2 protein chains.
Amino acid sequence: MEFQMSAADTRGQIVEAADRLFYERGFEATSFGDISSVTGLSRGNFYYHFKTKDEILEAVIERRLVDRSAMIRAWEGGQPADRISRFIEILLVNQTKIMAYGCPIGTLCVELSRLGHAAAPASVGLFGLFRDWLRRQFEALGRSEDADALAMHVLMRSQGVATLAATFKDEDFVRREVDDLKTWLAAQAPVAP
Amino acid sequence: MEFQMSAADTRGQIVEAADRLFYERGFEATSFGDISSVTGLSRGNFYYHFKTKDEILEAVIERRLVDRSAMIRAWEGGQPADRISRFIEILLVNQTKIMAYGCPIGTLCVELSRLGHAAAPASVGLFGLFRDWLRRQFEALGRSEDADALAMHVLMRSQGVATLAATFKDEDFVRREVDDLKTWLAAQAPVAP
DNA sequence: GACAATCTAGGTCAATTGTCCTAGAGCGGT
DNA sequence: ACCGCTCTAGGACAATTGACCTAGATTGTC
């Protein structure tokens, strides 16, 4: 190579490629050869930046945590119900990818949980991020009593839509369920303004 | 071996073990060595009964189709709403396994769809089985107009509950969502008897 | 009891896996 | 120009993978 990249850039490149591949193919199904092909970096180079494949997974989870935190932060404006709506609309914004690969968080959690992987709890933390945030929105909506249950309900329906979208690849279904979920949401406010 | 099993028994033993392992670990993550350990049969023996690993997968899908068809047939008694309730209650009956490995159909469909596996459409057929059956129940319930959409809605919520159950392993959540889904179901009948 | 068909065990094969090692290229400071 | 540190490439490693092969054990039929 003529020009050497800074270590941080290379590391970021690896994590970015791994993030995408872990989503599209799954963690176990993604090999170092795959990441090597995508990044153009040699396999041996990975072991300067990471000791094991599991360490790359940790970095990917951390990257997603940062990314999703920023996403949530960008939703701060507007009423609580509008913020929840933005979460629901991820299903439309990322529709193409979801129909092809499912939900990046849900699929990862199930895969890691199933294999009893050490990083499984960390991946659940990704869900926890949205769960806590949704709970706070429902609290702000005046539903402090069952805020967490409502948050789980929204997560549940998002996951269900993502799974069936990846299975049947039906755009109308996604649109319909997003509308239905929004209708449900509108009925959750205990008082009208 | 002292006693030779009939070919059908051996084949069935392989498919049964593969069915369980494909569920618990996933298709790709399950090796011939794993199936060999569980069944006590030699690796080489598999290739007398199946040409490839994909052929075992086809047999597993076929086995599940037969199994789920029988399950559905056993629900024939009672009112349409009661039958749909039995479907919903799978989440409680198989709660332990679902909390450990997710839904056997949903996880398989997503894995095969993601990898672009040739057997992906066949696995979607497993969903189709329940989808069609649920649609017929909603038609019998007097909801011919949107019967399929209602069927997909029930499937969607089941998948969502299964995914979050496998993620958070929260029994109360499952119980709560099953109750909620039944409440929703009770509100779907256009006329009371 | 002998024979042919059916079934099984175990070995071998090339390919791929995650991991490790080392030579050396690129870089910043002197 | 030199040196030491950071970074990279490419090969080697043992282990595991799905697939294939073949000798022989078991079985049913005559």
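Naming convention: chains lettered A, B, ... in sequence-line order (proteins, then strands); numbering from 1 in each chain. Just so you know, these numbers come straight off a predicted model, no measurement behind them.
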[X] side chain near [N] phosphate (N/O to OP1/OP2, under 4.0 Å):
{"X": "B:H49", "N": "C:dT8", "value": "yes"}
{"X": "A:Y48", "N": "D:dC7", "value": "yes"}
{"X": "A:T10", "N": "D:dT8", "value": "yes"}

Students often mix this up, so state it plainly: with edges at 30° and 60°, are the rings of A:Y23 and A:Y101 parallel, tilted or perpendicular?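 Rings of A:Y23 and A:Y101: perpendicular, as their planes differ by over 60°.
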What about the rings of B:F32 and B:F46, do their centers lie closer together than 6.0 Å?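 Yes, ring centres under 6.0 Å apart.
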What does the list of N/O pairs under 3.5 Å between the protein and nucleotides 17-19 of chain D look like, with a distance for each?
from: D:dT17; atom 1: OP1; to: B:S31; atom 2: OG; distance (Å): 3.2
from: D:dG18; atom 1: OP1; to: B:T30; atom 2: O; distance (Å): 3.3
from: D:dG18; atom 1: OP1; to: B:K53; atom 2: NZ; distance (Å): 3.1
from: D:dG18; atom 1: OP2; to: B:F32; atom 2: N; distance (Å): 3.0
from: D:dA19; atom 1: OP2; to: B:Y47; atom 2: OH; distance (Å): 3.0
from: D:dA19; atom 1: OP2; to: B:K53; atom 2: N; distance (Å): 2.8
from: D:dA19; atom 1: O5'; to: B:Y47; atom 2: OH; distance (Å): 3.3

Starting from [atom2] on [N], measure out to [atom1] on [X] and report it in whole angstrom.
{"X": "A:L41", "N": "C:dA25", "atom1": "CG", "atom2": "P", "result": "19 Å"}
{"X": "A:N45", "N": "C:dC21", "atom1": "CG", "atom2": "C1'", "result": "14 Å"}
{"X": "A:I35", "N": "C:dT17", "atom1": "CD1", "atom2": "P", "result": "11 Å"}
{"X": "B:F46", "N": "C:dG10", "atom1": "CZ", "atom2": "P", "result": "12 Å"}

Taking side-chain contact (heavy atoms from CB on, under 4.5 Å) as the test, write out the residues that go with A:A18, two or more places apart.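 Applying side-chain contact (heavy atoms from CB on, under 4.5 Å) to A:A18 gives A:F22, A:I35, A:I56, A:V60.
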More than 12 non-hydrogen atoms from neighbouring residues, nucleotides or ligands closer than 6.0 Å to CD on A:E89, yes or no?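 Enclosed.
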Quick check with a 6.0 Å cut-off and a 45 degree axis cone: is A:R131 positioned over the face of B:F168's six-membered ring?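 Judged by the rule, A:R131 and B:F168 form a cation-pi pair.
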Would you find a donor on one side and an acceptor on the other, under 3.5 Å apart, between the side chain of A:D179 and the backbone of A:R176?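 Such a contact is absent between A:D179 side chain and A:R176 backbone.
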